[in-house]
Amino acid sequence: MKLLEIHDLKTHFFTDAGILPSVDGISFEINQGEILGVVGESGCGKSVTAMSILRIIPEPPGRIVAGRILFDGHDLVSMPIEALRKIRGRDIAMIFQEPMTSLNPVYTVGEQLREVLSLHLGLDDDAARARIVEMFSLVGISEPAMRVDAYPHQMSGGMKQRVMIAMALCCSPRLLIADEPTTALDVTVQAQILNLLVKLRDERGLGVMLITHDLGVVAETCDRVVVMYAGRVVETACVQDLFAHPSHPYTVGLLQSLPDAAKPGSRLQTIPGNVPSPLNFPTGCRFRDRCSRASSACSLEPPLHVVGDGHEVRCHHPYQGGEHEHAIA
Amino acid sequence: MSSARYSDLVWHQFKKYTLAYRSLQMLVALLLLAVFAPLLASDKPLLWRVSNGPWESPWFWSLFDRNVYEGTLDIVFNVMLVLGVPSFFLFFVGAVREPPVRTLRVLLVLFGILLLFTLFHHPSHAKISYPDLEKIMIAEGQEVTSVYPLLPFGFQSVDLSNVRSPISWAHPLGTDNAGRDVCTRMIYGTRISMTVGLFSVALYMVIGTILGALAGYYGGRVDALILRLIEVMLSIPSLFLILAMAAFVEKRSIFHVMLIIAAVLWTTPARLVRGEFMRLRSMEFVVAAVASGFGKRHIMFREMLPNALGPVLVTATFGVASSILIESTVSFLGLGDITVPSWGQILNTGRSTGMWTLILAPGIAIFITVSLLNLVGEGLRDAMDPKLRQ
Amino acid sequence: MWAYIARRLLTMPPTLFFISLIIFGVLNLAPGRPGESAQISGAGESKRSSAQRESFRIFKEQFHLDKPIILNTRMFLTADDVEKKLVDAHGWGDVHDIKRRIRARNMLEDAGEYLVGPLIALLDHPDPRLVSASIEQLIEASQRQIKPDGDRLLNQTAQRGNEERKSWRCTATIPAPAVIHTKDVIPAKAGIQSCTSAVAQWKTWFLDNANHYTWSALEKTRRVFFDTRFSYYWRNLLHLDFGKSTVDRSDVFDVVLSKLKYSISLSLISMLLAYLIAVPLGIYSAVRQGSVGEHLSTLALFVLYSLPTFFTGTVLLRLLSEGDPLAWFPTGGFESQDPHRLTTLASMRDVMWHLVLPVATYTSVTLAALSRYARSGIIDVIRSDYVRTARAKGLGEWTVIIKHAGRNGMIPLLTLLGGLLPVLLSGSVVIEVVFNIPGMGLYLYEAINNRDYNAVMAVLVAASFLTLVGVLISDISYAIADPRISLE
């Protein structure tokens with residue numbers, strides 16, 4: 001069952017230097033009980049997409065200029081802000097990349113959770129406290145009862161991220177947007193948190209939009225993957241398909257630059273060049289300047305190819321089945 | 001990142017801030033006004049001839065005359081005028097095509113020689129009021145031809161027959177309670193404010209930078225001592241201290257005021273430079289310089305200081321503004337140099353006499369100068385902020 | 001928490017010590033001796049009459065201005081040193097250097113009791129003028145100080161002794177040393193003879209009183225360090241005794257304390273007002289960035305920031321109370337001439353009415369300084385990650401701004417509180433002078449004009465103490481507002 005549908009979303013930033021089309025017409029959906037990975041290099045519009053869903057992009061300069069985001073059939077974009085506030089934190093919750101700075105340093109973590117509980121569930125202080133302790137033990141915080149009254153600065157990074165997750169989950173949302181939740185953390189903590197997400201999906205049917213640039217994380221946790229490049233979705237596939245038959249040259253490039261993809265002793269491949277600046281995206285396919293398969297046709301908008309069941313790619317010259325193997329070799 | 005390229009970068013960025021850049025231009029204009037003051041206002045005729053006698057220029061010689069310009073400050077400005085006008089003209093015409101650095105050096109040497117000459121030379125002119133002299137001579141039937149500057153008044157020439165005169169063509173800002181031309185005094189007041197601003201800031205920047213550098217570089221006890229000193233200085237309300245110091249100087253000159261301002265305000269750059277040095281101390285290039293066996297002085301002032309100079313420059317700009325404010329406050333309270341036409345002094349007269357021209361003219365002048373400096377300082381700060389640079 | 005406050009309080013005395021050290025240095029080492037002008041009335045040094053000189057000497061003694069600043073080496077003076085000084089002081093030397101004469105005279109005047117020993121030795125000098133001069137000097141140097149709080153009986157004895165010794169002079173044939181300018185040598189014999197009885201009297205007196213004027217090695221060392229201006233100054237400071245005003249002999253510390261209420265109420269009211277305006281304004285301009293209102297308020301604050309206080313004050317006073325064109329407000333002062341006739345309510349209204357303009361001026365300055373920080377502080381916070389988190393939680397915009405951005409944005413303003421206090425106090429001079437409010441600033445201003453050394457000192461120390469307290473309060477409130485600051 002579809003939980004969230006994004007149709008042709010465009011979020012632009014209007015700066016002194018010009019208009020930055022950070023998200024420029026993307027569409028995808030997230031199903032219930034599914035972890036959707038959103039991957040891409042930094043600056044490709046992943047976080048802006050996530051913030052657009054809850055409409056928390058800094059405004060000005062940012063603005064959603066077009067598109068629909070349907071949640072339960074209601075359009076979040078055109079919804080009045082008061083109605084959206086009831087959804088924020090209750091039905092759709094979000095975890096941010098930086099646990100260090102995402103918690104307010106002057107309030108105890110308990111207070112920051114209590115706020116959400118009393119707002120959305122109307123719990124009184126005692127009930128809220130019980131719920132917080134329960135949530136803390138769920139996300140694996142040791143001595144949860146004591147941690148309630150701790151301030152963020154008294155906690156480690158991993159602990160703070162768990163608090164963030166507990167805060168996000170305390171109202172039992174149906175969709176969790178996790179914006180690089182593990183980037184700032186140690187590898188061991190990373191694994192624990194990812195396992196927690198998987199567990200929550202399995203136990204509660206939680207839909208998760210997991211933003212990451214780490215394909216390893218995607219392979220381990222996600223069900224489906226959306227690959228973004230320069231404000232556009234270039235490839236959508238289920239995780240097995242994506243790793244087995246990547247179609248978009250950019251996806252292939254990303255896979256090639258994974259250490260495990262390279263054969264022992266061979267050099268690690270990289271994608272030449274840099275992500276173009278949003279101020280001057282190339283016309284047509286935005287990847288064409290860095291693409292080894294580019295042709296003159298690429299200056300036109302690339303068409304959408306359906307290469308498999310639920311596997312779509314937006315490219316003039318996608319890799320056909322197995323073809324990418326040669327590229328990697 | 002070489003130092004020269006960095007300053008070019010900052011300058012380039014600074015020019016993009018139109019408001020700040022225009023403010024800087026206006027400040028330069030103000031400085032020129034200070035230098036050119038005698039060309040605009042002086043009671044000595046630029047040219048003077050009695051009957052068929054030779055043409056004379058009492059104005060020119062009065063520039064170096066301690067009977068006319070009692071303060072050293074005015075003489076320095078006058079020397080700048082005498083050297084500045086021709087060289088400016090030469091630049092303008094394009095006759096001088098030398099590399100500017102060399103020209104500047106030549107000018108600087110000339111400036112020094114001329115200054116020394118004037119300071120030790122007393123061409124003691126009698127205190128003649130040329131306008132009065134002219135009237136007398138004409139009354140005696142002599143033919144006098146004279147050319148005066150725009151405002152034929154000295155900043156100290158009292159005219160008791162023309163007290164509190166309103167704004168007129170002859171007196172663009174009227175006269176004060178002693179019949180002195182307010183506009184003339186305002187123009188010469190520019191010299192005071194500019195000098196106080198630049199000189200005291202230069203002085204305390206040097207003191208503060210050296211102390212801050214020592215504290216930041218050596219750390220430990222030196223740091224603790226200097227930091228304590230800074231802390232203590234900061235706990236004494238600065239204006240109180242300045243006023244108290246000014247009160248105990250007999251025969252205050254404007255230089256005393258500058259020294260006192262410098263003696264109290266050095267803490268700002270000291271704190272700043274200390275912080276910068278502590279940050280730089282652990283940077284690779286400093287460690288490398290230490291490892292290559294450079295002397296401490298070399299490391300501190302050649303390697304580290306240029307890298308710490310940016311923020312110092314920004315505070316210096318704001319410092320000029322606050323020094324000007326402090327000097328005018330001190331003068332306003334009657335504790336400054338009472339012989340010079342400082343803006344604060346004029347405002348003080350305005351307060352005691354209740355004359356609007358004497359209140360508004362200096363008040364607005366101070367406000368504009370301080371605003372311009374603050375705008376330039378803000379522009380400079382933004383220009384140096386790598387976060388804001390595109 | 002209490003431990004933190006206690007520790008901070010403990011660090012205050014050393015800081016105050018250093019502060020007083022600096023103030024002491026400023027007041028003592030600056031050219032032009034403090035207090036001198038209190039007695040010099042226009043006439044130059046050399047023309048000063050002996051009565052004036054005497055009262056000046058007593059004045060210097062009372063305020064310890066006759067003592068050396070840091071180290072006292074006067075007990076090591078020899079007869080030769082004193083002879084040279086006497087010669088200089090009377091202009092008998094070859095050099096008619098007026099400055100040197102004045103220096104020598106001041107030195108002899110200041111050295112007081114330490115001169116007695118060497119002067120007694122000089123009584124055997126062959127030159128009658130020197131003998132006579134020594135005797136005159138002895139009369140002055142042997143004067144016992146009469147402290148107002150000393151033992152009465154002893155005082156009377158001392159007084160009698162002082163009077164008695166004034167008559168032990170050479171008989172009239174020798175011109176009074178103060179007017180000797182000539183090099184004509186008075187016949188030696190006659191001179192010496194006219195002094196013999198006086199010399200004898202002095203020598204006998206010295207035999208009886210030698211114990212007052214000779215010191216053991218230990219006593220000498222003690223006096224080197226403790227019989228100094230610096231030491232007396234400290235002794236007085238420890239007793240919170242800042243001395244008496246040289247203008248009206250009132251206790252300066254009491255006066256400063258009584259003046260504090262005006263200055264503090266003035267600055268507290270304005271500070272409160274400034275915070276009340278700056279904080280909402282800061283929030284407004286941070287939230288409505290780029291709006292017309294934001295631009296206008298930024299412009300207004302910039303103008304306020306560059307306006308000199310004395311200008312604003314003068315203009316307001318002129319415009320609104322001196323009748324040019326309006327005379328709404330009183331022209332100065334803290335309250336009406338005769339406040340006792342008024343009821344409490346009316347007198348409060350009266351004070352408020354007097355304070356409108358000064359507070360407005362004061363607030364405008366504080367506000368400008370404060371708003372810049374308020375705005376940038378809140379802008380930083382509004383862009384922060386935790387405010388984004390708060391929005392993502394579904395909190396209303398007001399809750400986000402007031403609860404999550406507000407408290408964090410205010411933290412820098414609390415630290416500013418400490419730094420603002422010296423600025424405010426500095427501003428009080430100008431405001432109080434312009435509006436004629438009898439607070440600490442005006443007192444300082446008057447003390448400075450009167451060269452009232454003790455009063456200036458007391459104001460500076462009191463103001464620094466206030467600043468330290470202010471910094472402590474702001475540090476504590478900072479620590480309360482921000483849990484990241486540990487008070488351990």
Side-chain angles (χ1 to χ4, degrees), chain A residues 14 16 47 50-51 53-61 81-108 111-121 149-154 160 163-164 167-168 170-171 173 176-177 179, chain C residues 1 279 283-295 298 376-415 475-488:
Chain A
F14 299 84
D16 295 342
S47 297
M51 288 193 282
I53 297 173
L54 286 181
R55 282 166 53 190
I56 53 171
I57 43 169
E59 199 179 335
I81 192 78
E82 290 77 20
L84 181 67
R85 277 200 194 111
K86 294 207 174 81
I87 294 177
R88 285 178 183 169
R90 191 177 70 185
D91 298 311
I92 305 177
M94 193 160 172
I95 316 171
F96 298 97
Q97 188 172 354
E98 289 294 335
M100 302 299 170
T101 53
S102 294
L103 286 167
N104 194 328
V106 303
Y107 296 107
T108 60
E111 166 60 21
Q112 296 184 54
L113 262 81
R114 189 205 59 79
E115 213 176 23
V116 197
L117 289 169
S118 87
L119 177 77
H120 292 303
L121 306 181
D149 295 317
Y151 284 99
H153 70 275
Q154 294 162 330
K160 278 187 220 174
V163 170
M164 284 297 291
M167 191 153 83
C170 66
C171 296
L176 177 70
I177 303 170
D179 186 358
Chain C
M1 180 79 184
V279 171
I283 292 177
Y284 173 81
S285 39
V287 174
R288 293 258 179 279
Q289 267 190 75
S291 70
V292 179
E294 192 251 346
H295 283 302
T298 311
S376 63
I378 292 176
I379 286 180
D380 283 351
V381 170
I382 274 184
R383 290 177 187 155
S384 71
D385 290 347
Y386 52 82
V387 166
R388 189 179 59 186
T389 309
R391 289 218 176 90
K393 287 199 286 198
L395 296 175
E397 199 57 22
W398 274 109
T399 321
V400 171
I401 290 195
I402 302 295
K403 183 173 176 183
H404 286 270
R407 183 160 165 192
N408 286 282
M410 286 312 110
I411 288 173
L413 289 190
L414 285 174
T415 35
D475 279 3
I476 291 172
S477 44
Y478 184 36
I480 291 172
D482 190 345
R484 282 167 294 183
I485 309 296
S486 70
L487 290 176
E488 301 311 309

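Here is the naming used below: chain letters follow the sequence lines, and residue numbers restart at 1 for every chain.
Residues Phe96(A) and Ser102(A) come closest through the heavy atom pair CB-OG, 3.5 Å. Nearest heavy atom pair, residue Lys393(C) against residue Val116(A), reads CD-CG2, 3.1 Å. For the residue pair Glu115(A) and Gln112(A), the shortest heavy atom distance occurs at CB-O, 3.7 Å. Of all the heavy atoms in Leu121(A) and Cys170(A), the pair that sits closest is CD1-O, 4.1 Å.
Neither the backbone nor the side chain of Glu82(A) comes within contact range of chain C; no heavy atoms are under 4.5 Å apart. If you measure heavy-atom distances from Arg407(C) to chain A, the contacts under 4.5 Å come from the side chain alone. Contacts between Val106(A) and chain C at a heavy-atom distance below 4.5 Å involve backbone atoms as well as side-chain atoms. Neither the backbone nor the side chain of Pro58(A) comes within contact range of chain C, judged by heavy atoms closer than 4.5 Å.
Between chain A and the options Glu397(C), Arg391(C), Lys403(C), heavy-atom pairs under 4.5 Å are most frequent for Lys403(C). For chain C, the option among Leu54(A), Thr101(A), Asn104(A) with the highest count of heavy-atom pairs below 4.5 Å is Asn104(A). Contact count against chain C (heavy-atom pairs under 4.5 Å) is highest for Pro105(A) among Gly89(A), Pro152(A), Pro105(A), Ala93(A).
When side chains are defined from C-beta on, Leu103(A) counts as touching Met167(A), because their heavy atoms get closer than 4.5 Å.
Distance alone, capped at 3.5 Å, places no donor-acceptor pair between the His120(A) side chain and the Asp91(A) backbone. Checked by atom type and distance alone, the side chain of Glu111(A) never pairs as donor or acceptor with a backbone atom of Thr108(A) at under 3.5 Å.
Taking non-hydrogen atoms and a 4.5 Å limit, the residue list of residues 377-387 of chain C in contact with chain A, ordered by number, reads Asp385(C), Tyr386(C).
Pairs passing the ring pair (Phe, Tyr, Trp, His ring centres under 6.0 Å) check and including a residue from residues 387-406 of chain C, sequence neighbours excluded, read Tyr107(A)-His404(C).
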**Item:** Chi angles and distances behind the side-chain contact (heavy atoms from CB on, under 4.5 Å) call for Met94(A), Ile56(A)
**Value:** CA-CA 11 Å; Met94(A) 193 160 172; Ile56(A) 53 171; 4.1 Å; yes

